[in-house]
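Values reported hereafter were calculated over all heavy atoms of this structure, with side chains retained and with hydrogens, waters and symmetry mates removed. Every chain is numbered from 1, with letters handed out A, B, ... down the list of sequences.
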Number of protein chains: 2
Amino acid sequence: MTSSKGATLRDVAAHAGVSIKTASRVLNDDPRVATDTRAAVTASMVTLSYQPDPAARSLRAGRDRTVGVVVESIGDVFVAGLVAQIERVLAEVGYQVLVASSYRERDRERAIVSNFVQRRCAGLIVMPSSHDALQGLPLRDLPVVFVDREGDAPSSQSVVVNDHKLAKEATSHLIAQGHRRIALMSDVLVVDTTRHRHEGYLEALRDAGITPDDRLIRAECIDEPRVFAVLDELLALDAPPTAIFSANTRVSLGIVPALHVAGRTDVAMVAFGDFPMAASLKPAITVIDHSPARIGEVAARTLMARLIESSDQRQGGPVITVPAHLIERGSGEIPAEPPRRKSRNRR
Amino acid sequence: MTSSKGATLRDVAAHAGVSIKTASRVLNDDPRVATDTRAAVTASMVTLSYQPDPAARSLRAGRDRTVGVVVESIGDVFVAGLVAQIERVLAEVGYQVLVASSYRERDRERAIVSNFVQRRCAGLIVMPSSHDALQGLPLRDLPVVFVDREGDAPSSQSVVVNDHKLAKEATSHLIAQGHRRIALMSDVLVVDTTRHRHEGYLEALRDAGITPDDRLIRAECIDEPRVFAVLDELLALDAPPTAIFSANTRVSLGIVPALHVAGRTDVAMVAFGDFPMAASLKPAITVIDHSPARIGEVAARTLMARLIESSDQRQGGPVITVPAHLIERGSGEIPAEPPRRKSRNRR
DNA sequence: GCAGTTGATGACAACGATGACATGACTCGA
DNA sequence: TCGAGTCATGTCATCGTTGTCATCAACTGC
């Protein structure tokens with residue numbers, strides 16, 4: 001039945017016997033409309049199953065009920081969880097989500113943002129490839145919320161976890177099990193987040209009076225093959241590490257299979273970021289619960305507050321820190337010196 | 001420097017000393033423009049760093065370089081992989097991706113589609129909650145590609161795997177290991193895909209002369225707690241299953257931890273759909289490699305073919321089947337009768 | 001009973017781009 | 001040499017909506 005093109009505001013106005021402007025007013029909840037007129041127009045809208053045209057609206061009004069989300073790669077598990085939550089929260093208030101992946105390429109990222117601005121998105125949620133990723137881009141006062149990493153932009157806010165503190169906590173946890181040779185495996189150091197985790201790691205070592213060993217610090221784990229290679233090298237050292245701190249989920253997803261393949265699940269490990277199956281592996285993986293859902297939710301609500309109330313008043317400071325904590329599951333509690341066959345099962 | 005509002009086509013035209021229409025022609029690669037005029041306009045565009053306004057464009061031209069993607073839930077690993085590939089392919093040709101999750105609610109799904117149509121998306125990629133999910137919706141001849149499940153819509157195509165065949169293959173694989181009591185765990189039977197997998201399972205049993213046991217067929221595994229409960233019940237049966245066929249990834253992600261917690265990793269298992277870590281578990285999980293990337297890629301290219309060439313000529317039939325195969329990893333090769341301590345390590 | 005206020009409504013232009021059609025300068029073949 | 005056909009370009013209206021300003025009736029208070 002419902003065929004071809006939908007009804008326009010003009011049709012609604014004609015059907016209700018009012019001017020198009022009055023219909024527009026009803027549509028926009030303008031108080032200056034008589035009650036019965038409003039009723040008539042509303043009825044006509046229902047009858048004609050009218051739906052406003054977003055393009056015309058955004059062209060004229062200069063804004064669109066759309067939020068642009070720029071992430072590193074939507075295929076990443078962490079990112080998917082993040083976007084899911086953002087989409088869920090924004091859908092509640094009738095906003096649509098545009099997603100695009102930057103693949104960490106600065107130019108691509110900037111092009112995406114420009115495009116979103118051009119599209120009159122109402123706001124932006126960005127997982128920036130670098131602190132100054134958006135520097136100098138014309139943002140038209142768009143509210144911007146950075147996620148997972150801090151970013152610079154006029155009137156922006158960032159939703160992050162305390163990378164430094166949590167990385168330190170993870171490392172200290174391993175130290176507490178008696179480990180002194182702890183490897184750090186991470187992605188390259190272009191993202192601030194990763195840098196902060198490195199610093200946390202180093203500080204934990206320093207506090208424990210352990211001299212960092214450059215051979216154990218490997219910030220080159222960009223893909224799975226690379227992780228395998230690095231791990232091979234680490235295990236082949238004269239003094240190999242007895243524990244590993246994995247600085248992000250993608251790396252963890254490489255380390256775990258690699259350890260299993262090498263048959264070296266005796267090496268302790270703490271992973272920054274939870275992941276599917278982490279609790280079911282043998283040993284189960286001790287993680288820093290860096291929850292994408294929590295971060296996404298906070299980011300979306302932070303943006304929403306600025307979208308809806310049109311209050312430039314931003315809630316919370318420029319940097320909002322979401323809590324996270326360490327979940328002991330086994331891999332992080334493997335002691336440095338394997339117990340000398342005291343008892344196989346203590347319990 | 002670059003401030004506030006961007007340049008409009010009028011500005012470009014003025015700067016190049018031509019009419020706005022000529023500038024428009026250059027923008028749209030209309031051949032009817034003199035070479036030097038074109039050069040001048042292009043130069044002006046660069047100088048003013050002109051970017052076309054998508055809203056105005058889509059309003060006038062009736063189409064937008066945007067593809068609407070409707071999925072069940074963007075947070076799902078399978079879905080995330082799918083969307084990532086779609087986005088990647090479409091970005092190559094300058095299309096933006098709008099995503100929305102239906103959470104399998106029909107009304108929501110239909111509302112999303114209507115909205116996308118209203119937005120003048122150039123095309124739609126839909127993971128439909130049911131075969132007739134889009135029935136009767138005004139689609140304006142939009143090219144629609146259904147993914148992972150077949151769907152009905154005028155001039156649509158579907159990109160799927162052969163669920164029936166693959167489920168049968170998985171089940172037969174378990175039968176070949178000597179199993180006769182094979183449980184089937186799946187999501188509820190609202191989606192065709194799931195139904196086809198059930199049929200494949202049943203056919204494999206029938207072919208092997210095994211009578212299906214209703215107590216082993218559990219199509220109620222909608223979330224993780226439910227999976228745990230069902231598994232408990234199954235294992236508590238008088239004649240418990242010796243093998244499990246998991247009909248989708250979400251269910252697998254529940255079964256694996258449940259088996260580990262119950263200490264019953266001696267139960268054989270084949271999972272429909274690969275997932276992170278599947279190869280690193282003990283035992284590693286034998287899966288049907290139902291690859292989201294492959295499906296996403298094919299779906300995106302199928303849609304692209306119709307977007308770009310504006311040829312209504314659709315390539316491929318209404319249903320495009322993407323190949324998939326069984327990957328033996330261990331869990332699916334656990335024999336029905338555990339070997340009677342012949343030798344611990346054969347090699 | 002009248003200026004001034006308020007409230008409801010409408011006419012019109014504009015947002016930025018493109019489609020239909022028109023124009024004027026060529027070229028070409030008979 | 002001229003009409004037809006091509007080519008490059010321009011004029012104008014239009015997509016569906018909203019902002020600005022005008023209109024006009026009813027109501028206020030003195």
Side-chain angles (χ1 to χ4, degrees), chain A residues 4-42 44-45 48-66 114-115 117-122 140 310, chain B residues 4-42 44-45 48-66 114-115 117-122 140 310:
Chain A
S4 59
K5 349 203 106 223
T8 105
L9 202 52
R10 191 195 314 281
D11 301 335
V12 172
H15 185 270
V18 299
S19 89
I20 182 173
K21 180 71 232 214
T22 302
S24 168
R25 276 196 261 263
V26 172
L27 190 58
N28 293 285
D29 287 317
D30 189 314
R32 259 188 253 289
V33 182
T35 328
D36 42 353
T37 310
R38 178 183 305 275
V41 174
T42 309
S44 298
M45 284 183 177
L48 303 179
S49 69
Y50 167 78
Q51 285 201 268
D53 183 323
R57 234 173 184 199
S58 98
L59 174 58
R60 187 64 244 252
R63 55 197 132 81
D64 192 359
R65 291 174 78 79
T66 283
S114 291
N115 185 290
V117 172
Q118 204 70 24
R119 269 184 186 281
R120 304 184 162 71
C121 286
R140 288 194 191 183
S310 73
Chain B
S4 59
K5 345 206 108 223
T8 109
L9 200 53
R10 191 195 315 280
D11 301 336
V12 172
H15 186 269
V18 298
S19 88
I20 183 174
K21 180 74 233 215
T22 302
S24 167
R25 276 195 261 263
V26 172
L27 189 58
N28 292 285
D29 286 317
D30 189 314
R32 259 187 252 290
V33 181
T35 329
D36 41 353
T37 309
R38 177 182 306 274
V41 174
T42 309
S44 299
M45 284 184 178
L48 304 179
S49 70
Y50 167 77
Q51 285 200 268
D53 184 322
R57 240 176 177 195
S58 94
L59 175 59
R60 186 66 248 252
R63 54 197 134 78
D64 192 0
R65 293 174 77 81
T66 283
S114 290
N115 185 289
V117 171
Q118 203 71 22
R119 271 184 186 281
R120 304 186 162 70
C121 287
R140 289 194 191 182
S310 72

- Task: Could you check how far CG of Leu9(A) sits from P of dT9(C), rounded to whole Å?
- Result: 15 Å
- Item | Rounded interatomic separation in angstrom, taking CZ from Arg119(A) and P from dA17(C) | 14 Å
- Task: Let me know the distance between CG of Asp30(B) and P of dG19(C), rounded to the nearest Å.
- Result: 9 Å
- Rounded off to whole Å, could you give me the CD-to-C1' distance for the Gln118(B) and dG16(D) pair? 10 Å
- Any idea which heavy atoms bring Ala23(B) and Ala13(B) closest together, and the distance? CB-CB, 4.1 Å
- Message: What is the separation between atom CZ on Arg120(A) and atom P on dT18(D), rounded to the nearest whole Å?
- Response: 14 Å
- Note on the structure: Asp36(A) CG to dG7(C) P, in whole Å, measures 16 Å
- Task: For Ser58(A) and Asp64(A), work out which heavy atoms get closest and say how close.
- Result: CB-CB, 3.8 Å
- Message: Can you confirm whether more than 12 heavy atoms, excluding those of Arg63(B), are under 6.0 Å from its CZ atom?
- Response: no
- Note on the structure: Taken to the nearest 0.5 Å, the spacing of Leu27(A) CG from Arg38(A) CZ works out to 10.5 Å
- Note on the structure: Within residues 18-29 of chain A, those residues having any heavy atom closer than 4.0 Å to DNA chain C are Val18(A), Ser19(A), Lys21(A), Thr22(A), Arg25(A)
- Query: Rounded to whole angstrom units, what separation is found between the CZ atom of Arg32(A) and the C1' atom of dT18(D)?
  - Reply: 15 Å
- Using atom CG of Asp64(B) as one end and atom P of dG16(D) as the other, report the distance to the nearest whole Å. 15 Å
- Could you identify which residues of residues 54-63 of chain B place a heavy atom less than 4.0 Å from some atom of DNA chain C, listed by residue number, or say none? Ala56(B), Arg57(B), Leu59(B), Arg60(B), Arg63(B)
- Message: Give me the atom names and distance for the closest heavy-atom approach of Val33(A) to Thr22(A).
- Response: CG1-CG2, 4.5 Å
- Message: Between Asp30(A) (side chain only) and Arg32(A) (backbone N and O only), is there a donor and an acceptor less than 3.5 Å apart?
- Response: yes
- Message: Tell me the closest heavy-atom pair linking Pro54(B) and Arg119(A), and the distance in Å.
- Response: CG-CG, 3.6 Å
- Shortest non-hydrogen separation from Leu59(A) to Ala56(B) and the atoms involved: CD1-CB, 3.8 Å
- Could you note down all residue pairs passing salt bridge (Lys or Arg N to Asp or Glu O under 4.0 Å) where residues 52-62 of chain A supplies at least one of them, sequence neighbours left out? Asp53(A)-Arg120(B)
